[in-house]
Amino acid sequence: MTRQKIQIKKIDNLTARQVTFSKRRRGLFKKAKELSILCDAEIALIVFSATGKLFDYASSSMQQVIEKHNMHLENQDKLSQQSLELELENNAYNLLSNEIVERTNELRRMRGEELQELNLEDLKQLEKLAEGGLSRVIKIKGERIMKEIHSLKKKETQLLEDNYRLKKQMADTLRVQKDVRQGQSSESIVTDICNSADPLQDHIDSSDTSLKLGLPFPN
């Protein structure tokens, strides 16, 4: 006689349901213990009956297994977050790489390179782009030239002012030196005149002396 296969569904009879729960629970815990011993696995089972009663089994420590389970979930979350961040970074890197390639191709085409793959419409667009860029370059170049000219004129004016001031200072210095030399010449003339007057006085004094040394007048 073959064993009849039981259909897996909820047992309507409450008594039969409780009997089946007890048998299957004991069998489940027995299989869990065997699995733990045979495979050196950490196992924890928590079962609530239909009436709300708690049944549990742990191969080592229920708390230890639960903590290990929670730690594993945290690590999984971290790995998932890191994987997400890595994926975002890879996407950003791919976008930047594609943009660099596109900009490099545009720059080469602006220099007149690799134009064979472009159709007539693309060439027209490139021509407009080049003309617009050239006009902006010419405008900026003109502004820089005018700015440089203005700066050079300002420097020229400053140099002229400095040159005029230096010439004026030199002229004033020469005039002062000339006045000093003229003053020294006048003083020399006066000194010479004074020196020339001293011999005449000496001559007079000597004459007087000679007269005094002569014969006395008669009484």
Please identify each residue that fulfils side-chain contact (heavy atoms from CB on, under 4.5 Å) with [X], with sequence neighbours left out.
X	result
Leu152	Glu148
Asp40	none
Lys33	Ile37, Tyr57

Review point. What do you reckon, are the aromatic ring centroids of Phe21 and Phe48 less than 6.0 Å apart?
Key: no
Exercise for review: Let me see the working for Val180 and Gln177 under side chain to side chain contact (heavy atoms under 4.5 Å, CB included), right down to the final yes or no.
Suggested key: CA-CA 5 Å; Val180 171; Gln177 292 177 354; 5.6 Å; no
**Study point:** Donor-acceptor contact present, side-chain Asn163 to main-chain Leu159, <3.5 Å
**Key:** no
Point to revise | Under 3.5 Å donor-acceptor, Ser36 side chain and Glu42 backbone | key: no
Between atom [atom1] of [X] and atom [atom2] of [Y], what is the distance when rounded to the nearest 0.5 Å?
X	Y	atom1	atom2	answer
Glu89	Tyr93	CD	OH	12.5 Å
Ser22	Arg26	OG	CZ	5.5 Å
Glu102	Ser97	CD	OG	13.0 Å
Lys10	Thr20	NZ	OG1	13.0 Å
Leu129	Glu131	CG	CD	10.0 Å
Lys178	Arg181	NZ	CZ	8.5 Å

Practice item. Please report the closest heavy-atom contact between Leu28 and Leu45, naming both atoms and the distance. Key: CG-CD1, 4.0 Å
Exercise for review: Of all the heavy-atom pairs spanning Thr51 and Ser49, show the shortest one and how long it is.
Suggested key: OG1-OG, 2.9 Å
Review point. With hydrophobic residues grouped by side-chain heavy-atom distances under 4.5 Å, do Val19 and Ile11 end up in a single group?
Key: no
Check your understanding: Are Leu54 and Met62 connected, step by step, through hydrophobic side chains (Ile, Leu, Val, Met, Phe, Trp, Tyr) whose heavy atoms are closer than 4.5 Å?
Key -> yes
Between [Y] and [X], is there a side-chain heavy-atom distance shorter than 4.5 Å?
X	Y	result
Leu35	Ile43	yes
Glu143	Lys139	yes
Glu161	Gln158	yes

Check your understanding: Around atom CZ of Arg17, are there more than 12 heavy atoms of other residues, nucleotides or ligands at under 6.0 Å?
Key -> yes
Review point. How far apart are the C-alpha atoms of Asp122 and Asn119, what are their side-chain angles, what is the distance that settles it, and do they pass the side chain to side chain contact (heavy atoms under 4.5 Å, CB included) test?
Key: CA-CA 5 Å; Asp122 293 335; Asn119 54 31; 3.0 Å; yes
Exercise for review: Can you spot which of Lys153, Lys154, Lys147, Lys155 makes a side-chain contact (heavy atoms from CB on, under 4.5 Å) with Ser151?
Suggested key: Lys155
Review point. Pick from His69, Met71, Gln63: which one makes a side-chain contact (heavy atoms from CB on, under 4.5 Å) with Glu67?
Key: Gln63
